[in-house]
Amino acid sequence: MADAPRWYQTTAIDYPNSRPHIGTAFEKLGADVQARYRRQEGYEVFFLMGNDENTVKVAKKAAELDQDPKAYCDEMARQFQEVWRALEVSYDDFIQTSDKRHQDGCRKFIQKVHDNGHIYKGTYEGLYCEGCESFKTEKEIAESGGVCPDHKVPPVRRSEPCYYFAQSKFQDQLLRFYEEYPDFIQPESRRNEVLAYVQGGLQDVNISRTGQNWGIPIPFDPQFTIYVWFDALLNYVTAIGYGSDEERFRKWWPADVHFIGKDITRFHCALWPAMCFAAGIEPPRNVFGHGFVYVKNEETGVTEKISKSLGNVVEPMDIISKFSAEAFRYYFLRECPFPGDGEFSWQRFADVYNADLANYLGNLYSRVITIIAKNYDGHLVADSDAEPGVIYTQVDLETTVKQVEGHIEACRYNQALQAIWQQVLVPTNQYADRKEPWKLVKTDKEAAKQVMLDLVEQLRAVSILLKPFLPKTAETIYRGFNFPQTWESVCCEDVWAQSRRATDLRVTAALEGGKVKALFPRIA
RNA sequence: CGCGGCGUGGAGCAGUGGUAGCUCGCCAGGCUCAUAACCUGGAGGUCAGUGGUUCAAAUCCACUCGCCGCAACCA
């Protein structure tokens with residue numbers, strides 16, 4: 001048997017100076033669906049996440065709390081992972097950029113780029129705030145009326161020695177690269193932005209900082225630390241053994257996809273591949289810049305960007321404890337198009353929860369099980385030669401499965417879910433109403449049984465299709481019956497390839513008073 | 001003229017050349033197996049505007065108006 005195809009994917013690493021909010025979670029969910037889908041379809045998957053810790057902000061925050069920065073980072077990493085686990089994000093590794101493995105790999109990488117002649121010493125001149133002890137951009141200063149936005153004092157022009165990464169040398173190579181791999185930047189709409197940016201001329205990047213005792217010292221000049229962006233991007237390679245385990249590194253690199261927020265597209269589509277060129281490694285195959293989640297202000301009806309200053313930050317746990325992790329996953333994956341933007345509101349959440357999860361999905365599961373339990377003692381013996389009923393008039397199940405797979409592969413999760421609801425759940429409820437097995441069972445128990453087998457078959461299909469999206473719910477539905485294949489091994493193709501295999505179908509879900517526990521209890 | 005995106009019934013979205021579609025909400029009816037769920041029917045849109053291309057445009061082109069994101073470290 002041939003080796004399984006490999007799939008290496010990452011998410012952006014997060015600053016741990018505040019806890020994750022629903023926007024941060026959105027990215028991890030989108031990535032998680034992809035990882036689960038690839039695993040299910042037979043790929044050997046490595047799914048990396050992590051935290052970005054070598055920034056001044058983190059050191060400051062730790063100092064405020066009178067904590068050691070590393071201890072602070074470790075505690076935050078624990079808290080982040082607690083949230084990711086609660087959301088059933090199936091990451092394989094979690095890297096912290098304050099980890100030794102990252103710092104060692106990082107130094108090797110920058111040394112390599114230096115040895116290859118792409119780093120040179122120069123001077124950086126800019127507006128410096130003595131309060132912040134850091135440079136400010138012209139824009140920042142201009143926006144706050146000529147003073148530092150934090151300290152309200154005018155900055156001074158200052159120049160200091162630094163190291164530059166010769167990004168400009170790679171401009172042509174980058175443009176050729178985009179041309180050769182037109183799918184590199186996803187979604188398509190972000191492509192023009194990056195092209196225009198690179199065509200507009202790349203500048204060399206100052207990749208060093210001085211006077212910081214938190215961060216990674218530059219190996220060839222330890223009084224400098226590595227600029228946080230240069231360091232952060234390297235997590236994608238240090239996590240898989242760059243500089244320490246060549247075999248492992250070669251196994252996984254290049255990454256199949258980096259999932260990132262649309263705001264950092266440029267770093268990933270220009271700076272990062274240029275860094276790869278400079279170090280003599282391949283660039284990643286794909287960068288996917290997802291959209292943002294905005295929050296609808298329930299009072300004013302205005303859609304706002306999530307921000308601390310607006311006080312509209314919603315944390316995942318707020319929602320998980322009121323509803324469930326599965327509902328959380330469903331809402332964001334269904335309501336917010338991954339390539340574009342979406343919005344959250346409690347009202348909308350409740351509407352979607354009741355309509356899609358409680359009514360269409362949960363209720364179908366309940367009614368099917370109850371009928372079988374009541375009338376057949378939870379046991380249907382199927383005739384192997386019985387003709388399945390005609391459920392679909394527009395699109396058949398196999399076509400739907402293929403559409404869903406296409407949508408997942410393109411990260412159009414909302415459209416995948418929409419297809420499952422519109423093309424499977426809706427017709428199944430319609431079919432049940434047309435056939436009325438609860439009436440039919442009184443006059444023709446055999447015919448009613450065939451209808452029930454058809455309905456169960458639909459539930460089996462739904463559970464498989466939902467496997468990457470709602471792992472727990474899908475498993476509960478699947479395990480509600482004694483389907484022959486194991487849950488772990490079931491994949492999309494089985495929807496049609498393994499249909500109607502059960503000749504001795506039993507309801508295995510736990511029943512109480514002849515009824516099954518609601519998958520999603522309605523919210524008032 | 002910095003770059004880019006968006007503007008479709010009350011709300012949220014799909015639809016990229018050929019009789020305007022989905023979910024929620026609303027109105028009426030049906031059903032009663034089911035989580036007051038499910039099914040059927042209905043009201044509601046000049047697809048931001050103007051001009052153009054075409055036998056035919058929400059869909060292509062031009063311009064106008066409105067909203068938003070990015071512009072080297074706030075997912």
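Throughout, a chain's letter reflects where its sequence line sits, starting with A, and its residues are numbered from 1.
Here B:rC13 presents its C1' atom at 18 Å from CZ of A:F338, a figure rounded to the nearest Å. Taking atom CG of residue A:N51 and atom P of nucleotide B:rC74, one finds them 16 Å apart after rounding to whole Å. Rounded to whole angstrom, the span from the CD atom of A:E335 across to the P atom of B:rG12 amounts to 11 Å.
Nucleotides B:rA14 and B:rC55 have their P atoms positioned 32 Å apart, rounded to a whole Å. Taking atom C1' on both B:rU54 and B:rA43, the two are 35 Å apart, rounded to the nearest angstrom. Using atom P as the reference point in both B:rG9 and B:rA20, the two lie 15 Å apart (nearest Å). Taking the C1' atoms as reference points, B:rC67 lies 11 Å from B:rA48, given to the whole Å. Separation of the P atoms belonging to B:rG21 and B:rG41 is 13 Å when rounded to the nearest angstrom. With P as the reference atom, B:rG15 and B:rA71 are 28 Å apart, rounded to whole Å. Of the C1' atoms belonging to B:rG51 and B:rG44, the separation is 30 Å, rounded to the nearest Å. The separation of B:rC63 from B:rC27, taken at their P atoms, amounts to 47 Å, rounded to a whole angstrom.
Side-chain atoms of A:Q203 lie closest to B:rA72 of the nucleotides B:rA72, B:rG12, B:rA75. Of the listed nucleotides (B:rA75, B:rA34, B:rC38), B:rA34 has the atom at the smallest distance from the side chain of A:S366. Closest to the side chain of A:F292, out of B:rA75, B:rC24, B:rC33, is B:rA75. Between B:rC33, B:rC73, B:rA34, one nucleotide has an atom nearer to the side chain of A:I371 than all others, and that is B:rC33. Side-chain proximity of A:Y294 to the nucleotides B:rG69, B:rU35, B:rA34 is greatest for B:rG69. The A:A518 side chain lies nearest to B:rU35 when the options are B:rA75, B:rC24, B:rU35. With B:rU35, B:rA75, B:rC73 as the choices, the nucleotide that has an atom nearest any side-chain atom of A:F267 turns out to be B:rC73.
Against RNA chain B, the stretch residues 409-420 of chain A makes no heavy-atom approach under 4.0 Å.
Between A:K262 and B:rG69 there is no side-chain polar atom (N or O) within less than 4.0 angstrom of OP1 or OP2. For the pair A:R522 and B:rA37, the criterion of a side-chain N or O lying under 4.0 Å from OP1 or OP2 is met. Close to B:rU40, at under 4.0 Å from its OP1 or OP2, lies a side-chain N or O of A:Q430. At the phosphate of B:rA11, neither OP1 nor OP2 sits under 4.0 Å from any side-chain N or O atom of A:K296.
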Scan the side chains in residues 515-524 of chain A for donor-acceptor partners under 3.5 Å anywhere in the protein, sequence neighbours excluded, and list what turns up.
residue: A:R522; atom: NH1; partner: A:N359; partner atom: OD1; Å: 2.9

Side-chain donor/acceptor pairs under 3.5 Å, residues 373-380 of chain A, sequence neighbours excluded:
residue: A:N375; atom: ND2; partner: A:I371; partner atom: O; Å: 3.0
residue: A:Y376; atom: OH; partner: A:K445; partner atom: O; Å: 2.8
residue: A:Y376; atom: OH; partner: A:K449; partner atom: N; Å: 3.1
residue: A:H379; atom: NE2; partner: A:D504; partner atom: OD1; Å: 2.4
residue: A:H379; atom: NE2; partner: A:R506; partner atom: NH2; Å: 3.3

Mind listing the side-chain donor-acceptor pairs of residues 414-426 of chain A below 3.5 Å, one per line with the distance, residues two or more places apart or on another chain?
residue: A:W421; atom: NE1; partner: A:D356; partner atom: O; Å: 3.1
residue: A:Q423; atom: OE1; partner: A:T400; partner atom: OG1; Å: 3.0
residue: A:Q423; atom: NE2; partner: A:Q403; partner atom: OE1; Å: 3.4

Reading 5' to 3' through nucleotides 25-31 of chain B, protein heavy-atom contacts under 4.0 Å coded B for base, S for sugar-phosphate only, - for none
-----BS
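A:D204 and A:K169 are not joined by a salt bridge, as no carboxylate oxygen comes within less than 4.0 angstrom of a charged side-chain nitrogen. Between A:R348 and A:E335 a salt bridge is recorded (basic side-chain N to carboxylate O distance below 4.0 Å).
Less than 6.0 angstrom separates the ring centroid of A:F323 from the ring centroid of A:Y353.
Where RNA chain B pairs in unbroken runs of 3 or more (Watson-Crick or G-U, both distances under 3.5 Å), the stems are B:2-7 with B:65-70, B:10-13 with B:21-24, B:26-30 with B:38-42, B:48-52 with B:60-64.
A cation-pi arrangement is present between A:K262 and A:F292 under the rule of less than 6.0 angstrom and at most 45 degrees off the ring axis.
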